[in-house]
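By convention in this document, chain letters (A, B, ...) are assigned in the order of the sequence lines, proteins followed by strands, and residues within each chain are numbered from 1.
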Amino acid sequence: MEKIQKIKGFADILPPLSQVYDHMERTAKGIFALYGYREVRLPILERTELFCRSIGEETDVVQKEMYTFPDRKGRSLTMRPEATAGVMRAYIENNLQAQEELTKLYTAGPMFRYERPQKGRMRQFHQINVEAVGSPSPLLDAEILFMLAHFLQELGIPDLNIEVNSLGCPDCRPSYHEALHEYFRGFDTGTLCDDCLRRKLTNPLRVLDCKVPACKELTKTAPLIADYQCPACREHFQAVLAALDARKMPYVLAPRLVRGLDYYVRTTFEVTSGKIGAQSSVAGGGRYDGLISSLGGPDLPGVGFACGMERLALLLGEPEPVRPDFHLVALGAEALPAGLLLAQELRAAGLGGECALTARSAKSQMRLADRLKPRYCLILGESELASGTVVVKNLGLGTQETVVRSGLATFLRNSDNQ
RNA sequence: GUGGCUGUAGCUCAGCUGGCAGAGCACUCGGCUGUGACCCGGGUUGUCGUGGGUUCAAACCCCAUCAGCCACCCCA
């Protein structure tokens, strides 16, 4: 029979890597709880229109990266390419604004984008996502950045760069776009790279982010967003930075930082690492004040970020294997079922480990025990069955002693052999 | 969507100008009636990614296709 293989860009997350994912989610849960965030679990499939309206019709994500298909009744569905849209849909649909003034939510799970896979980029990837809805305060922007930094620090990831920018708002951004347009108009073939010639028309902000030296040189004298922001946006951004400074949080101002999702306004940020290849962005987010009303909800502001779990996993490395408390070696036909009963007693007492299930030589069972690195190897044979004892062997030290069965759980629990 | 590199044992990889499919690790059995690691000896493991083509003969050359990796692009 022909084997069926997984879809391109999709991955099986097996042990021990699955432990890393579990660790990330547990750490997130613990840290986020300190800030008042609660978990939501939302559908992976949504109506296509949700993403067109939130992410933006003209973005790359919507234009060429979505898994979109009709259901059995011909309605267009899309596998979520990001989490914020779905969280906002759920917020509106469940009238969460009626429950509390500020709603703090987080979620973790798979996202789907049809892109060419490479290091740190899969078609099914996983994000931890945080959203805070209901407050326009710049202090909330700062708090969410504190929380993101706190989370990454708790995971123990060094050498991350936190970049911060303000994109302005619908009131002031058009004038900046206009200015950029004006600035780039003069540059033609030979001055800007081919990509930027396209970008200066579609998304002039992206030209500022180009890595080609010639383009970089030109952008040095390009107009700055800061000079075009309205007083309200300027004040907001200054308040965010003041809060970050007061806590002495390390960050860099990135006036060229652009986001590929249309809903972002004012504060935006990105966390990058130089150690994981070209896809260096580990987390990214910002404020999205007009998003909820554009989806038919109340006119409430929001802030959030997404954290890429595959990229975090690249930085975390292999986890320590968990050491079982015991491994039980059973010698002889009668010792096998007796060994299972004994193992079950120990598990009931909160001790973890495995026992032999099939009759094999002492040598092969001991070899297996050695691989599993249990705190103790327990040996149960005919003579131990007869005397109601168990041989307890410390594989690290090579020492062993005979312990009465009734006292075994206590003996194992009190031992300091880790 | 574009470009480059790569697919050979469970894993890591050799395999020359086309001529019997290899090594190390792992696994397994034994040396040691019921004691692991270290040591010694034996043993198992393959549609050479897949499908075509060239050839007396293809893991090797050609075409196609699938998958992986890296980069562009884009983003977490």
Side-chain angles (χ1 to χ4, degrees), chain A residues 1-11 24 55 59-65 80-84 108-130 148 152 193-196 198-199 202-203 206 209-212 257-261 264 269-273 276-286 304-315 327 329-332 335 356 359-374 376-385 391-400:
Chain A
M1 279 294 258
E2 198 180 336
K3 281 189 237 172
I4 296 174
Q5 51 187 5
K6 63 182 174 293
I7 300 170
K8 184 190 188 92
F10 286 60
M24 286 187 276
I55 297 170
T59 59
D60 279 12
V61 171
V62 170
Q63 286 285 312
K64 35 187 209 196
E65 295 174 5
R80 62 183 186 192
E82 60 106 47
T84 302
M111 307 294 157
F112 303 84
R113 290 183 201 173
Y114 193 96
E115 297 180 90
R116 190 79 168 258
Q118 73 184 80
K119 187 173 188 176
R121 187 170 79 182
M122 301 296 270
R123 288 182 175 181
Q124 176 178 333
F125 59 104
H126 298 78
Q127 286 186 341
I128 295 172
N129 216 267
V130 166
L148 175 55
L152 296 169
C193 71
D194 289 347
D195 283 324
C196 285
R198 172 178 52 81
R199 281 191 280 234
T202 57
N203 191 348
R206 286 237 156 265
D209 206 24
C210 186
K211 287 141 205 141
V212 177
L257 174 65
V258 179
R259 310 262 71 208
L261 280 52
Y264 286 117
F269 50 87
E270 194 166 303
V271 179
T272 60
S273 166
I276 53 174
Q279 305 303 315
S280 60
S281 174
V282 167
F305 68 78
C307 211
M309 295 179 77
E310 279 71 14
R311 294 175 189 179
L312 284 181
L314 287 174
L315 291 160
H327 182 80
V329 168
L331 302 169
R360 294 173 73 187
S361 72
K363 182 172 183 151
S364 75
Q365 291 195 47
M366 290 299 294
R367 239 202 298 265
L368 177 60
D370 187 61
R371 268 207 307 276
L372 296 171
K373 296 273 176 283
Y376 284 106
C377 176
L378 309 180
I379 301 166
L380 187 66
E382 282 165 33
S383 56
E384 288 77 19
L385 279 178
V391 171
V392 177
K393 178 164 185 169
N394 182 320
L395 292 174
L397 302 174
T399 58
Q400 67 181 55

In the structure shown, which nucleotide is the Watson-Crick or G-U wobble counterpart of [N], with both distances under 3.5 Å?
N      : answer
B:rG24 : B:rC11
B:rG51 : B:rC63
B:rC56 : B:rG19
B:rG46 : none
B:rC5  : B:rG68

Which label fits A:F10 and A:F112: parallel for a plane angle under 30°, tilted from 30 to 60°, or perpendicular past 60°?
tilted

Just call it for A:I128: base, sugar-phosphate, or nothing, with non-hydrogen atoms closer than 4.0 Å on any strand.
nothing

Please classify the nucleic acid contact of A:G277 as base, sugar-phosphate, or nothing, using heavy-atom distances under 4.0 Å.
sugar-phosphate

Tell me: CD of A:Q365 to C1' of B:rU35, nearest whole Å?
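It is 10 Å, rounded to the nearest whole Å.
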
In whole angstroms, how far is the P atom of B:rA76 from the CZ atom of A:R123?
18 Å

[X] vs [N]: side-chain N/O to OP1/OP2 distance below 4.0 Å:
X      : N      : result
A:Q5   : B:rA67 : no
A:R371 : B:rC27 : yes
A:R360 : B:rU28 : yes

Could you check which of B:rG34, B:rA76, B:rG68 has an atom nearest any side-chain atom of A:F125?
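Out of B:rG34, B:rA76, B:rG68, the nucleotide with an atom closest to A:F125's side chain is B:rA76.
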
Closest to the 5' end of RNA chain B, once A:S364 and A:Y264 are matched to their nearest nucleotides, is A:S364

Let me know, please, whether A:M366 or A:H126 comes out on the 5' side of the other along RNA chain B by nearest nucleotide.
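Its nucleotide being nearer the 5' end, the pick is A:M366.
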
A:A335 and A:L380: which non-hydrogen atoms are nearest, and at how many Å?
CB-O, 3.3 Å

